[in-house]
Protein chains: 2
Amino acid sequence: MLHVAEAARVSVATVSALINGTATVSPELSARIEQAIRDIGYKRNAIARSLKMGTTRTIGLTVPHITNPFFTAVVSVIQQAFDRAGYAVMLCCTDEDLNTQDDQIRLLLDRMVDGLIVARVGDGAILERIVADANVPVVLMDRLCEGVDTDAVVLDNQRAVFDVISYLIDLGHRRIGYITGTSDISPMHDRMTGYCEALQAAGLPVAEELVRSGNFHEIDGYNATMQLLSLHDRPSAIFSANNPMVIGTMKAIRDIGLSCPEDISVACFDDFPWSDVFQPQLTTVAQPVQAIGEQAANLLLDRLAGNRDTPPRKLVLKGRLMIRNSCRPLGAVQSVSA
Amino acid sequence: MLHVAEAARVSVATVSALINGTATVSPELSARIEQAIRDIGYKRNAIARSLKMGTTRTIGLTVPHITNPFFTAVVSVIQQAFDRAGYAVMLCCTDEDLNTQDDQIRLLLDRMVDGLIVARVGDGAILERIVADANVPVVLMDRLCEGVDTDAVVLDNQRAVFDVISYLIDLGHRRIGYITGTSDISPMHDRMTGYCEALQAAGLPVAEELVRSGNFHEIDGYNATMQLLSLHDRPSAIFSANNPMVIGTMKAIRDIGLSCPEDISVACFDDFPWSDVFQPQLTTVAQPVQAIGEQAANLLLDRLAGNRDTPPRKLVLKGRLMIRNSCRPLGAVQSVSA
DNA sequence: TGACAGGATCGAAACGTTTAGATTAGCGTT
DNA sequence: AACGCTAATCTAAACGTTTCGATCCTGTCA
């Protein structure tokens with residue numbers, strides 16, 4: 001900018017005024033300055049600007065796994081929203097690990113992000129303190145966090161699980177395997193509640209051995225399914241808590257020589273684009289990814305626009321049961337291969 | 001840092017020296033400074049540091065679509081690599097659009113990223129000039145770009161397409177539909193060459209009407225497939241250029257009332273985690289995502305480490321044909337439903 | 001004619017670091 | 001005792017902006 005000012009024979013203050021439109025500058029000088037900018041190929045240094053202004057127009061976004069199509073979709077929506085608003089987004093993947101997550105968030109705060117969207121924080125993270133220290137707005141996604149009282153958008157997990165389990169019960173299933181996530185509290189609890197409620201509403205017992213938990217990876221789903229399938233009285237249906245885990249479930253079913261839905265019915269959390277073109281077409285609980293992403297972005301953009309003192313807002317969205325052909329009705333006759 | 005210095009009764013220079021280990025500071029002062037840092041809860045301002053040092057320890061990464069599992073996987077690998085190296089990564093999605101891409105890259109350069117990984121640039125982008133202006137190292141991924149002479153890691157597209165088409169020919173297919181991408185030159189050309197070579201090697205003609213192009217979206221694959229399937233003498237196999245497009249292909253096949261592989265064989269570019277658990281299990285050309293991501297990261301990290309004057313390096317990786325059950329051999333007897 | 005308002009322009013401080021070079025203190029040599 | 005050497009510490013400039021307040025100019029009005 002100094003060079004531009006010199007070339008245009010004006011002060012840097014005038015150049016700044018012209019660029020930002022913060023003061024009127026005469027047509028004559030404007031022309032000279034614009035010419036100089038073009039000649040020199042001047043680009044404003046955003047770092048210097050950030051230092052002075054105290055804002056980076058950059059936000060941080062952490063997700064557990066970008067390879068999970070649910071998060072991929074949400075990230076995509078969020079990215080677009082902030083792009084439109086002129087913000088850049090720094091993406092971090094925490095791999096479902098608490099320490100990694102803390103590190104990532106520190107990294108982001110070090111970079112002076114203006115705000116933070118944290119997807120699926122684990123409980124017990126020092127997030128609480130980190131967030132209190134750094135004075136930036138935070139919005140939680142997909143999972144609340146004990147002790148962190150801030151904007152959030154989550155799914156009505158209890159209801160979603162209730163719906164899908166009820167659907168399976170309606171089909172005639174009595175023993176329903178349930179593979180859930182670990183290292184969390186609030187959604188785990190909600191989903192478990194939904195599972196139990198659905199069973200109880202149908203007068204069915206909650207069998208301990210039918211509930212397995214894993215750390216959201218494919219291998220966890222695989223192992224959990226293997227355990228469920230080797231039970232003496234194995235379940236006739238399995239509900240898996242996310243997309244990577246249900247892939248593990250399907251692999252386990254295949255490896256053990258069974259098939260879906262003939263021998264065992266499967267449903268899962270999170271829809272994906274190809275769910276209705278391959279067989280079996282999975283019955284899923286679709287999360288409203290578009291809405292989740294947009295709402296999260298809006299909550300944060302609102303804070304960034306200066307609205308700092310309204311109390312934390314919690315948005316609870318509804319899932320939608322997408323019934324396809326991976327769950328079969330259980331008639332009087334049991335599955336042939338059973 | 002000023003407050004810390006005051007609290008510890010030393011100069012800021014000493015504080016800086018201690019924090020960065022750039023000079024020895026006496027145990028006595030060290031203790032005082034560390035205490036002050038703890039008391040105040042001081043965190044170094046990375047923006048100020050960046051301004052002074054001229055480096056942000058942040059890189060920019062652009063991909064066409066983060067919802068495409070191929071890019072998702074690569075992004076994940078790259079993210080991890082830079083994470084390990086203490087770099088943050090800013091992610092942008094260009095949506096296969098040239099202008100968007102230019103905008104995104106400008107946004108990233110404005111943010112003073114230290115380097116850039118650009119996946120799948122379209123030709124004709126002003127990338128060339130942008131890159132020349134900004135003085136940061138750039139590595140190209142997945143697609144080269146005329147006029148931009150810089151580090152790159154790409155697939156041997158010609159060979160990959162040759163292999164998969166040859167495979168289809170070996171199965172007995174004679175009319176093979178080919179759905180490729182648009183808005184590119186070099187890989188389009190390479191892949192087309194591979195397609196033609198495979199046909200010619202088998203003494204088969206290249207039929208214009210069997211080649212369709214689309215802009216990499218699901219809908220493009222759908223439309224292209226619809227066109228192919230409504231040909232008078234429709235192809236017995238279709239090769240689709242990426243994952244979103246092959247989903248479109250599968251939907252078109254379904255909607256038109258055909259099934260794969262009974263009525264029509266399908267293969268595509270890019271493997272994905274669930275490819276062998278659902279039916280049909282797609283035959284694909286798997287790109288070595290891990291290697292691609294790592295190599296791209298390494299190339300850039302090497303430049304960032306200061307190696308600026310070795311000439312541009314082009315890495316060409318090999319794809320791998322993953323044969324599954326979405327392509328059936330064409331015997332003497334035609335498909336029953338045909 | 002002189003005071004004054006208002007617009008255009010500028011000078012300089014500030015943002016929070018890093019770092020080159022100056023200063024100081026301590027200590028062994030001659 | 002004077003000297004130089006080293007290690008520890010400090011002073012101050014610099015990075016490239018923004019912005020407050022000062023200055024300058026022009027024209028208007030009493």
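Residue numbers start from 1 in every chain, and the chains themselves are labelled A, B, ... in the order their sequence lines are given, proteins ahead of strands.
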Heavy-atom distance under 4.5 Å between the side chains of Val10(B) and Arg32(B), does that happen here? yes

Specify the separation, in whole Å, of atom [atom1] of [X] and atom [atom2] of [N].
X	N	atom1	atom2	answer
Lys52(B)	dG16(D)	NZ	C1'	11 Å
Ile33(A)	dC10(C)	CD1	C1'	12 Å
Leu51(A)	dC15(D)	CG	P	14 Å
Arg49(B)	dA14(D)	CZ	C1'	16 Å
Glu6(A)	dC10(C)	CD	C1'	15 Å
Lys43(B)	dG16(C)	NZ	C1'	15 Å

State whether Thr14(B) places a side-chain N or O below 4.0 Å from either non-bridging phosphate oxygen (OP1 or OP2) of dT9(D). no

Counting just side-chain N and O atoms, does Asn20(A) come under 4.0 Å of either OP1 or OP2 of dT18(D)? yes

Mind checking Ser26(A) for me? I need base, sugar-phosphate or nothing, with any heavy atom below 4.0 Å counting as a touch. sugar-phosphate

Within the structure shown, what part of the strands sits under 4.0 Å from Ile47(A) by heavy-atom distance: base, sugar-phosphate, or nothing? nothing

Return the 5'-most residue of the pair Ala23(B), Ala48(B) with respect to DNA chain D, ranking by each residue's nearest nucleotide. Ala23(B)

